[in-house]
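Note that this is a predicted model, so its numbers are computed, not measured. We number each residue from 1, following the sequence as shown.
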Amino acid sequence: LNNWCRNITYSLSVPKKAVSKRNTNDVEVWDDESLQALIEELRGGPYCFLIILAANTGLRIGELLALTYDDIRGNMLLVDKQLSEIAPLDSDSGKQYEFHITHPKTSNSNRVVPLSSAVLEELEKHKAWQKEQMKIYGYKTNYLFTTSKGTFYYQRNLRRALERACKRINVDFHSVHVLRHTFGTNLSRSDINTEVSSKLMGHSDVTITSKYYVNVDAERKLDAVEKISKYSLGDRIEEE
């Protein structure tokens, strides 16, 4: 009360409802059709490449917003920082949050993620688009993702923009973080080794990857049990 220390309750809010424990067998993901439709809807705008990069690297939103062009070395993406929104020390400043570049979530979050040739092509398109934006609005930045003033995006504003885009094309909205879930699930769909997936996602322990992302959809499960039926029923299935 005497401004001797930070008000640690300043940015807290009471949850509207109890948060249920996540069912590890039901990880929320973007389906292929909805994600492709969203990317096409965002073409020519500021968020398109952000969504593409999130879906193809599994980076957390803070890691994405902290990226600079210097972090891209050939076809490799260096992840060693994140953008954090932190409540200011002075609650009278009028700002709800301040931006800070901080260390990643864990030491394992420091990682190098390769970029596919298709993603590199999209990067060049984004780079050209951003150069035009800097000429039009008169700002300079080395960050991949900024507003038209060259400032960082607030995550809540990004969320609203994506919600509006999903509404326009009539697809279910999922958060940017769900693209990380989607990346992990797609690695599993592609039969990528769990240890490799864990390294790509920057998990602190390979068991986290196994627990949440080695999940397959109903069609693949059905295909699997169909294949193993021969071990107990022999050629009976083929004859029928």
Side-chain angles (χ1 to χ4, degrees), residues 28-79 81-83 85 99 101 111-187 189-190 200-202:
E28 183 183 3
V29 298
W30 283 85
D31 67 82
D32 298 341
E33 292 76 13
S34 294
L35 181 53
Q36 292 167 16
L38 177 62
I39 290 172
E40 291 308 312
E41 173 64 19
L42 297 174
R43 287 283 180 195
Y47 310 118
C48 181
F49 186 61
L50 187 147
I51 298 302
I52 291 172
L53 199 59
N56 287 276
T57 62
L59 266 65
R60 302 174 179 91
I61 181 61
E63 295 169 339
L64 288 163
L65 295 178
L67 287 175
T68 69
Y69 285 99
D70 293 334
D71 295 323
I72 302 172
R73 318 284 174 81
N75 68 336
M76 295 293 178
L77 180 63
L78 175 65
V79 184
K81 57 188 175 299
Q82 66 179 3
L83 180 70
E85 296 179 16
F99 292 115
I101 298 294
R111 61 199 188 278
V112 176
V113 181
L115 302 176
S116 69
S117 56
V119 171
L120 289 173
E121 288 180 12
E122 295 291 345
L123 169 64
E124 291 305 313
K125 294 177 185 177
H126 175 77
K127 192 174 183 179
W129 173 86
Q130 192 175 36
K131 283 184 178 179
E132 287 299 317
Q133 293 296 298
M134 287 191 281
K135 289 180 182 178
I136 294 171
Y137 294 102
Y139 71 94
K140 290 184 179 180
T141 184
N142 194 38
Y143 287 97
L144 267 70
F145 308 111
T146 68
T147 70
S148 58
K149 296 180 180 179
T151 57
F152 291 118
Y153 286 117
Y154 281 106
Q155 293 186 26
R156 62 181 180 275
N157 292 341
L158 176 59
R159 180 186 179 91
R160 290 181 190 133
L162 296 179
E163 285 178 337
R164 290 194 294 268
C166 287
K167 187 174 181 179
R168 288 196 300 269
I169 59 177
N170 194 31
V171 301
D172 292 334
F173 169 77
H174 303 285
S175 70
V176 175
H177 190 73
V178 172
L179 290 167
R180 177 170 167 80
H181 298 173
T182 306
F183 175 73
T185 301
N186 285 342
L187 290 174
R189 288 172 63 188
S190 302
L200 287 170
M201 300 194 70

[X] bridged to [Y] by N-O distance under 4.0 Å:
X      : Y      : value
Arg43  : Glu122 : yes
Glu41  : Arg168 : yes
Glu124 : Lys127 : no
Glu163 : Arg160 : no

Hey, could you give me the [atom1]/[atom2] distance between [X] and [Y], rounded to the nearest 0.5 Å?
X      : Y      : atom1 : atom2 : answer
Leu50  : Leu162 : CG    : CG    : 8.0 Å
Cys166 : Asp172 : SG    : CG    : 8.5 Å
Ser116 : Leu123 : OG    : CG    : 10.5 Å
Leu38  : Glu33  : CG    : CD    : 13.5 Å

Can you give me the closest heavy-atom contact between [X] and [Y], atom names plus distance?
X      : Y      : value
Ile39  : Cys48  : O-SG, 3.7 Å
Leu67  : Leu78  : CD2-O, 4.1 Å
Ser148 : Tyr137 : O-CB, 3.3 Å
Ile61  : Gln155 : CG2-OE1, 3.4 Å
Lys81  : Asp71  : NZ-OD2, 2.6 Å
Thr68  : Leu144 : C-CD1, 3.3 Å

Is there side-chain contact between [X] and [Y], with at least one heavy-atom pair below 4.5 Å?
X      : Y      : result
Glu85  : Leu65  : no
Val171 : Asp31  : no
Leu53  : Leu64  : yes
Leu77  : Pro114 : no
Tyr139 : Lys149 : no
Leu115 : Asn56  : no
Tyr143 : Thr146 : yes
Glu132 : Lys135 : yes

> Does the side chain to side chain contact (heavy atoms under 4.5 Å, CB included) test come out yes or no for Val176 and Arg159, once each step is laid out?
Replying inline: CA-CA 8 Å; Val176 175; Arg159 180 186 179 91; over 6 Å; no
Side chain [X], main chain [Y], donor-acceptor under 3.5 Å:
X      : Y      : answer
Thr151 : Thr147 : no
Gln82  : Ile101 : no
Arg180 : Gly58  : yes

>> We want to know whether Tyr69 and Gln130 form a side-chain donor-acceptor pair, criterion being a heavy-atom distance below 3.5 angstrom.
In response: yes
> Do the ring planes of His181 and His177 sit parallel (below 30°), tilted (30 to 60°) or perpendicular (above 60°)?
Replying inline: perpendicular
> Centres of the Tyr47 and Tyr153 rings: under 6.0 Å?
Replying inline: yes
> Are the aromatic ring centres of Phe152 and Phe145 under 6.0 angstrom apart?
Replying inline: no
>> Counting neighbours of CG on Asn170 that are heavy atoms of other residues, nucleotides or ligands and sit closer than 6.0 Å, is the number greater than 12?
In response: no
> Checking Arg156 against Tyr154: charged group under 6.0 Å from the ring centre and within 45 degrees of the axis?
Replying inline: yes
> Run the side chain to side chain contact (heavy atoms under 4.5 Å, CB included) check on Thr57 and Val119 step by step: do they pass?
Replying inline: CA-CA 10 Å; Thr57 62; Val119 171; 5.6 Å; no
